[in-house]
Amino acid sequence: MKTETNARLSDTGDEGSTGAGVGDAALHDSEGVQWVLQPRGTPARRGPKHFDHSVRKGIRLSDYERFLGADARALKQLFPTGPARLWGATPPSKKDGKAAAVAGRRVGDEVLFYAEKKFIARARILGLVRNQELAEAIWGVDGKQRTWEHIMALGDVVEFDVPAQPILEGLRLGDSLRSLTLVSAEGRARFLHLIDQSAPVGPGSIDPSPCRGAALRRDDVFRALSRLKTHTKDQRPSRHKPITLLWAIGRLAAEQGRMVEWQTFRDEVGPLLRDFGLPDSRVTPEYPFWHLRSSGLWDVEGMEDQKATPTPSKLTAARASAGLSSNAAKVLRRSLARAEAIGLICSKYLGDIDREEVLKRVGLAGYASASGEIPDGGRGGGPVPRRPGTSSQLDRDPRLVESIKVMYEHACQVCGSRVETKYSYYSEAAHIRGLGKPHDGPDQLSNLLCLCPNHHVEFDRLAIYIDEDWAVRRNSTGAVDYQLKRHADHVIEQEHLRYHRGLCGVSDRST
Ligand SMILES: [Zn+2]
């Protein structure tokens with residue numbers, strides 16, 4: 001089951017690759033966003049002109065129709081409406097860094113354009129094609145009759161001005177960038193903060209819409225979450241990083257500060273690692289404290305960068321602190337993203353431990369069920385009053401509850417069965433996205449299902465979910481159990497089902 005779920009998550013992790021048929025194979029092996037450092041080229045080589053033409057403005061594919069060849073379909077799918085933003089590289093002539101970069105870059109990677117000791121723009125690789133005719137038509141040929149035939153299709157272009165030196169020297173690439181260079185996801189994670197802190201430059205910037213920027217960060221965060229590097233012991237992945245991330249998300253949910261000093265971290269995360277880590281694994285909170293940085297989701301402050309894990313006493317002496325990066329925190333403060341992240345972490349990394357228990361310990365108890373209600377009588381916190389003793393425990397509109405039961409004549413929308421009572425039938429009205437904290441779902445028909453008690457429990461406790469095509473699937477296997485029955489007058493909001501799938505760890509973030 002895990003493989004199915006995971007494969008699906010990473011499939012949807014990269015926008016732009018869908019259906020285009022470019023770079024798909026590379027995508028599946030990738031372990032995180034890499035950097036492709038790309039010199040823009042000097043004026044003598046028409047670098048600024050090319051950049052303005054094919055990246056800043058972008059080309060119209062229709063102007064180049066007869067050069068597109070076999071890539072026509074893929075490129076049109078990548079750029080269905082607006083301009084196509086493209087950049088290319090000449091074929092590498094020898095086995096060097098450039099050859100490695102051309103071969104190793106992947107769809108989803110981030111390109112940093114470099115000029116005059118600065119990084120001047122970033123972009124996302126949406127597709128990779130090799131097309132000599134198209135390259136010649138756009139950029140011409142150089143003195144050796146070569147052209148930029150290794151083409152990157154780019155999205156999410158943002159221009160800025162960032163001094164390149166700290167990044168290049170940090171990566172041991174010298175003080176200026178001479179050639180196309182690939183930087184590992186880990187290397188990128190270490191220096192990403194130097195790029196992201198820089199605000200896009202005003203008038204000249206492209207794609208300034210905040211939505212696009214937000215989508216980009218969200219995509220990055222989920223890609224990183226689904227590709228955490230974990231140590232393995234007896235072929236079982238360590239749970240230290242995922243547990244630490246859940247703890248950090250719990251702090252966000254409780255609106256506590258992002259960065260935490262080492263001693264507090266140790267006192268809070270240490271016991272979690274002891275209780276939920278692999279049996280016999282040593283309790284070493286300094287490992288996730290320090291090494292989560294490689295995920296790109298995590299900041300450590302107060303410590304000089306170094307290869308070895310700092311000892312606890314060094315962390316104490318330095319008063320080091322750590323926490324989610326500001327981008328990750330920004331994304332995970334939003335409710336849908338948070339639900340999806342928690343579902344993802346639990347199902348991908350913590351599948352074999354007691355989800356309810358671990359979520360309770362990190363202050364996220366309500367995320368163990370769709371209703372947000374806590375099975376042992378506790379509660380998720382929050383202002384919504386719950387009546388003790390009733391089956392639904394929430395103040396909600398009784399007329400809605402009645403109308404959904406009447407609409408379906410008490411037949412379960414999953415299995416169709418009706419529970420008979422002496423005088424009538426019995427069914428339950430289930431909220432798809434629970435009312436009150438932490439899910440904050442609306443009390444509306446579009447957020448309600450009529451279910452039998454068994455399927456109500458299975459739906460609420462995330463054993464089953466409903467996919468985009470209304471198939472009722474078993475979370476443990478992905479198998480289709482039933483097709484959801486829907487009354488013609490019952491409009492069910494897909495967004496609520498999506499939220500529920502997020503809790504189940506089977507989100508579809510690409511949409
Ligand atoms: Zn049923």
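We count ligands from 1, going down the list as the structure has it; atoms in each ligand are counted the same way. All figures in this text were calculated on a predicted structure; none of them were measured in a lab.
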Determine, stepwise, if the pair Y287 / H291 fulfils ring pair (Phe, Tyr, Trp, His ring centres under 6.0 Å).
CA-CA 6 Å; Y287 272 79; H291 291 290; 5.6 Å; yes
Around the Zn ion (ligand 1), list the protein N/O/S atoms within a radius below 2.8 Å, excluding water molecules.
C412 SG, C415 SG, C452 SG, H455 ND1
What pairs with Y499 under side chain to side chain donor-acceptor pair (under 3.5 Å), at least two apart in sequence or on another chain?
H439
Would you sort out whether E409 and Y425 count as a side chain to side chain donor-acceptor pair (under 3.5 Å), showing the intermediate values?
CA-CA 8 Å; E409 298 174 12; Y425 293 95; over 6 Å; no
So, using ring pair (Phe, Tyr, Trp, His ring centres under 6.0 Å) as the criterion, who are the partners of F276 when residues are at least two apart?
none
Quick check: are there more than 12 heavy atoms from other residues, nucleotides or ligands sitting under 6.0 Å from CZ of R274?
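Above 12, so yes.
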Residues which pass salt bridge (Lys or Arg N to Asp or Glu O under 4.0 Å) with R338, listed by chain and number, not counting sequence neighbours
none
